[in-house]
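Chain A is the first sequence line, chain B the second, and so forth, proteins listed ahead of strands; every chain is numbered from 1.
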Amino acid sequence: MPDAASSGFDVAYVARLARLELADEERARLQGQLEQILAYVDELKNVDVSGLPPMAQAIEACNVLRADEVKPGLPHDDVMANAPEHRMGQFVVPRIIE
Amino acid sequence: MDALHAFTVGEAARHVREGTVTSVQLAEALLARIAKLDPTVGAYLSVDRDDVLRQARAADARRAKGETAPLLGVPIGVKDVLNVKGQPCTCGSQILAGYRAPYDATAIQRLREAGAVILGRLNMDEFAMGSSTENSSWQPTRNPWDTARVPGGSSGGSAAAVAADLALATLGTDTGGSIRQPAALCGCVGLKPTYGRISRYGLVAYASSLDQIGPLTKDVRDAALLLNAMAGPDPMDSTTLKAPPVDFTAALGRDLRGLKLGLPREYFIDGMDPEVERAVRDAVRQCEQLGATVVPVELPQTKYAIATYYIVATAEASANLARFDGVRYGLRVAGDDPIELYERTRAKGFGPEVKRRIILGTYVLSSGYYDAYYLRAQKVRSWIRAGFDEAFRRCDALLTPTSPTPAFRFGERTDDPLQMYLSDIFTVTVNLAGICGISVPCGFTGAGLPVGLQVIGPALGEETILRVAHAYEQSTDWHKRRPPLNNNG
């Protein structure tokens, strides 16, 4: 496991991946706090994980299927009522293609 | 007859069934008490008075027609992370200001079928991330036992409401201790069921492989009653367990003879509050007197639990919270292109702790770091689960403190995220392993702050932990004490 100091953790880069705009002072504070947290979680490198299977969930179930039947969904108007901006039953977003 | 607000769920349901109290009387008593005391406590984010009374009248009408649903007419408060049709659901976040739920969560639907009246929306740490409810974007919630202190979190509103008799019972959610820790800090009962016991449909996800809904109540029997109403498979949640329905109250009332209870030494650590340790050790002795055999067990994985949790939970959170982007619901801050719109919306809508966890979670999943952090944490997680499997071969349930300290003061841990994370050191392991745990009051510190005993059971071991918690509870009167606040009520 890379240690936090040399891991090249760059809060600005990760914030871009997370689609999160950060103010300057916010960025500085988070950089320091997250370096501290990453140094703490580095203790996991002391565990011998060879032979341990990764556990993604707490239950055994996989591929839970239901019958392929048409069922009513939520009423369209009820869903659209929460949209910040909508027109003709569609969500409105800024133009993507010129 | 006690004041109506002081009833347990069991007592209230019996009175409604016998016709000695109506649901409208219960609702009016609680609404009046909320109006009087909640300005001090701050447990509720919203209460829709007309809707509550409409539901109560409908419950009384069902009763008049001869119906006997188990929770008929009983008002129950709900953490602001569960969808209740037509009501706000902000998750304690500005990003969901103005959102109204278009449907009922399955847990809510099942409470309604059992006859419950859904009371107001309870305060919480934003998106259930926190251990003090100080991360709510809206207001602080005060601990009814000492209003200078936090109620715990993230289900702080749910715990404070039960402690102050502002609800007969409430629902919370528990991803790393968010039901059990506030229950301990507020002196009530909090149950985190086995992963998959209760459908998560309609619960706004924080960490999907860890989240579970559960009750906060005034006694253990009420927790069993609410679990009865909510448990069971749901076609809307493919992770629900297919366990057959059982009556969880059936295991209550027996002593502890024949039960082996494990005491993990890793849960009695240096630096824990000596008064907490004393109360928990007294409770362990009490369980022995009730017939249990106490055996030492080892869970060497415990010291790695917080690190594992903060990788797994934040990774899942970073994915789950991607949906809050200003397009389909909630806050929108304008931008020249969609990316700018997302970035600005999320910058304004999320608070500091949520941002911290999204960034940590994004980082541990990112290219080049996935194996070192996320994959490794998943492997340690399976070792944690194996440790519990091993322990439960030697005992029926474990006894531990719920929290290393009693309620702390506002601001005491807000500047040090890591210190706040360590509040969950005795509870996160249960979520990582997907097993069940309950916190039950086991005493008070010299300053009058409640202490919680945690009983941990294996997957689907709710009947055992409810039996242990109930036998212990009934041999004490800790659960009958009420905070001084209530003397004015």
Side-chain angles (χ1 to χ4, degrees), chain A residues 1-2 7-11 13-23 26 29-30 33-34 36-38 40-59 61-66 74-75 77-86 91-96, chain B residues 99-100 102-103 195-196 209 235 238-239 241 303-304 306-308 310-311 318 322 325-332 334-344 346-347 350 352 355-356 358-360 362-363 366 369 372-373 375-383 385 417-418 432-434 459:
Chain A
M1 180 177 289
S7 67
F9 173 75
D10 174 2
V11 72
Y13 170 72
V14 182
R16 268 198 305 283
L17 292 179
R19 302 285 185 252
L20 207 49
E21 188 180 78
L22 297 179
E26 211 175 10
R29 193 178 59 244
L30 281 166
Q33 286 174 338
L34 285 161
Q36 193 198 347
I37 293 167
L38 287 168
Y40 175 77
V41 302
D42 264 0
E43 69 177 31
L44 292 188
K45 73 182 169 200
N46 299 325
V47 182
D48 177 10
V49 295
S50 55
L52 286 170
M55 176 175 169
Q57 57 172 6
I59 51 170
C62 73
N63 294 343
V64 179
L65 303 174
R66 63 162 174 80
L74 293 173
D77 289 348
D78 290 1
V79 174
M80 280 300 167
N82 279 311
E85 202 181 339
H86 62 102
F91 300 110
V92 176
V93 294
R95 179 187 295 271
I96 297 171
Chain B
Y99 176 84
R100 294 228 168 224
Y103 67 99
Y195 184 80
S209 81
S238 64
T239 63
L241 299 166
K303 64 190 263 205
Y304 301 107
I306 292 285
T308 306
Y310 277 94
I311 292 174
S318 72
D325 57 8
V327 173
R328 288 158 299 169
Y329 30 66
L331 178 78
R332 167 180 288 195
D336 288 339
D337 59 57
I339 303 289
E340 199 174 80
L341 181 148
Y342 306 152
E343 288 179 340
R344 290 182 179 174
R346 291 158 66 78
F350 290 138
K355 289 179 184 172
R356 200 148 45 228
I358 287 174
I359 289 176
L360 180 59
T362 303
Y363 178 69
S366 66
Y369 299 100
Y373 290 107
L375 189 63
R376 176 169 282 264
Q378 284 189 313
K379 290 176 179 175
V380 179
R381 185 179 181 184
S382 73
W383 183 47
R385 170 69 185 239
L418 204 49
L432 288 165

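- Ion pairing between a basic and an acidic side chain is recognised when a charged N comes within 4.0 Å of a carboxylate O; B:K303 and A:E43 show no such pairing.
- Side-chain atoms of B:S382 come within 3.5 Å of backbone N or O of A:P53 as a donor-acceptor pair.
- If you tally non-hydrogen atom pairs under 4.5 Å between each of B:Y342, B:Y99, B:Y103, B:F350 and chain A, the highest count goes to B:Y99.
- Taking both residues in full, the closest heavy atoms of A:M55 and B:L432 are given as CE-O, 3.3 Å, listed atom of the first, atom of the second, then distance.
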One pair to check against side-chain contact (heavy atoms from CB on, under 4.5 Å): A:L52 and B:V380. What are the steps and the verdict? CA-CA 8 Å; A:L52 286 170; B:V380 179; 5.7 Å; no

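- The minimum heavy-atom distance between A:Y40 and B:A307, with the atom names listed, is CE2-N, 3.9 Å.
- Both the backbone and the side chain of B:A377 come within less than 4.5 Å of a heavy atom in chain A.
- Both the backbone and the side chain of A:L20 come within contact range of chain B, each with at least one heavy atom under 4.5 Å from a heavy atom of that chain.
- Taking A:C62, A:A83, A:A23, A:A81 one by one and counting their heavy-atom pairs under 4.5 Å with chain B, the maximum is reached by A:A83.
- Contacts with chain B were tallied for A:I37, A:D10, A:V79; A:I37 has the most, counting heavy-atom pairs under 4.5 Å.
- Proximity to chain A (any heavy atom under 4.5 Å) is restricted, for B:P417, to the side chain, taken from C-beta onward.
- If you measure heavy-atom distances from B:D336 to chain A, the contacts under 4.5 Å come from the backbone alone.
- Once rounded to the nearest 0.5 Å, the distance linking CD of B:E343 with CZ of A:R16 reads 8.5 Å.
- The minimum heavy-atom distance between A:P54 and B:L375, with the atom names listed, is CB-CD1, 3.9 Å.
- Here the closest heavy-atom approach between residue B:T362 and residue A:A18 is recorded as OG1-CB, 3.5 Å.
- Using a 4.5 Å cut-off between heavy atoms, A:L22 contacts chain B through its side chain alone, with no backbone atom that close.
- The backbone N or O of B:R328 lies less than 3.5 Å from no partner atom in the side chain of A:N82, so there is not a single donor-acceptor pair.
- In this structure, chain B has no heavy atom under 4.5 Å from any part of A:R66.
- In this structure A:R19 satisfies the salt bridge (Lys or Arg N to Asp or Glu O under 4.0 Å) test with no other residue, sequence neighbours excluded.
- Taking both residues in full, the closest heavy atoms of A:V14 and B:I359 are given as CG1-O, 3.4 Å, listed atom of the first, atom of the second, then distance.
- Annotation: maximal heavy-atom pairing with chain A below 4.5 Å, among B:Q378, B:R344, B:K355, occurs at B:Q378.
- Contacts between B:R385 and chain A at a heavy-atom distance below 4.5 Å involve the side chain alone, from C-beta outward.
- Listed options B:L241, B:L360, B:I358 were ranked by heavy-atom pairs under 4.5 angstrom with chain A; first place goes to B:L360.
- Applying the 6.0 Å contact sphere to CZ of A:F91 captures more than 12 heavy atoms from other residues, nucleotides or ligands.
- Between chain B and the options A:V93, A:L30, A:V11, A:V47, the largest number of non-hydrogen pairs under 4.5 Å is found for A:V47.
- Looking at every heavy atom in both residues, B:G434 comes nearest to A:A58 through CA-CB, 3.5 Å.
- Panel note: side chain B:R332, backbone A:E85; no donor-acceptor pair is recorded below 3.5 Å.
- Side-chain contact between A:V41 and B:Y304 is absent, with no heavy-atom pair separated by less than 4.5 Å.
- The part of B:S366 that comes within reach of chain A is its side chain, from C-beta onward, which places non-hydrogen atoms under 4.5 angstrom from that chain.
- Between the CG atom in A:L44 and the OH atom in B:Y373 there is a gap of 9.5 Å [rounded to 0.5 Å].
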